[in-house]
Amino acid sequence: QVQLVESGGGLVQAVGSLRLSCVASGSTFSRNAMGWYRQAPGKQRELVATIGNTMTNYADSVKGRFTISRDNAKNTVYLQMNSLKPEDTAVYSCAQIGERTYWGKGTQVNVSA
């Protein structure tokens, strides 16, 4: 069974940085696209970024500030978040995207003004 465990969230001041990690187990990690999503209070979950073998895709709201990457040897996907804004506050979850999508439980990111 696929398990995804996120880490790296926390409280940071605006314009600060955080790096999120998501470790996958129970799957052939390298064969699947991975993604980061977020959900702010009272809002729907939204796509942040996805990564395939090499191609990446970003939400317009994070382009130029966030970078998604993966290390297939470590079964890990990362999200480097720079120039954080208060509106980036949300629960960030990673997903393994394939015939079936698997989700982690998420990690809270709080950005203070």
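Put simply, the side chain of Arg38 does not reach to within 4.5 Å of the side chain of Val109, judged on heavy atoms. Under the 4.5 Å side-chain criterion, counting only non-hydrogen atoms from C-beta, Asn110 is not in contact with Ser112. Side-chain contact between Tyr102 and Asn32 is absent, with no heavy atoms from C-beta onward closer than 4.5 Å.
For the residue pair Phe29 and Asn72, the shortest heavy atom distance occurs at CE2-OD1, 3.1 Å. The minimum heavy-atom distance between Tyr58 and Ala49, with the atom names listed, is CD2-CB, 3.6 Å. The two residues Ser17 and Ser83 have their closest heavy-atom pair at OG-N, 4.3 Å.
Between Glu6 and Lys105 no salt bridge is recorded (no basic side-chain N to carboxylate O distance below 4.0 Å). Between Asp60 and Lys63 a salt bridge is recorded (basic side-chain N to carboxylate O distance below 4.0 Å).
Remark: Gln3 CD is loosely packed, at most 12 non-hydrogen atoms of other residues, nucleotides or ligands lying under 6.0 Å away. Atom CD of Glu87 sits in a crowded spot, with more than 12 heavy atoms from other residues, nucleotides or ligands closer than 6.0 Å.
The cluster map of Ile, Leu, Val, Met, Phe, Trp and Tyr, joined by side-chain heavy atoms under 4.5 Å apart, puts Tyr78 and Val48 in different clusters. In this structure, Met34 is a member of the same hydrophobic cluster as Leu18, with clusters built from ILVMFWY side-chain heavy atoms closer than 4.5 Å. Ile68 and Val23 are members of different hydrophobic clusters when ILVMFWY side chains are connected at heavy-atom separations under 4.5 Å. Note: the hydrophobic cluster containing Leu47 does not contain Met81 (ILVMFWY, side chain heavy atoms under 4.5 Å, direct or indirect links).
Remark: the backbone N or O of Val111 is paired with a side-chain donor or acceptor of Thr89 at under 3.5 angstrom. Of the possible donor and acceptor atoms, none in the side chain of Arg70 sits under 3.5 Å from a partner among the backbone N and O of Thr54.
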- Message: If you apply the rule ring pair (Phe, Tyr, Trp, His ring centres under 6.0 Å), what do you find for Tyr37 with Trp103, and how did you get there?
- Response: CA-CA 10 Å; Tyr37 293 75; Trp103 296 91; 4.9 Å; yes

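In this structure, OG on Ser21 lies 9.5 Å from CG on Leu79, to the nearest 0.5 angstrom. To the nearest 0.5 angstrom, Gln96 atom CD is 6.0 Å from Leu4 atom CG.
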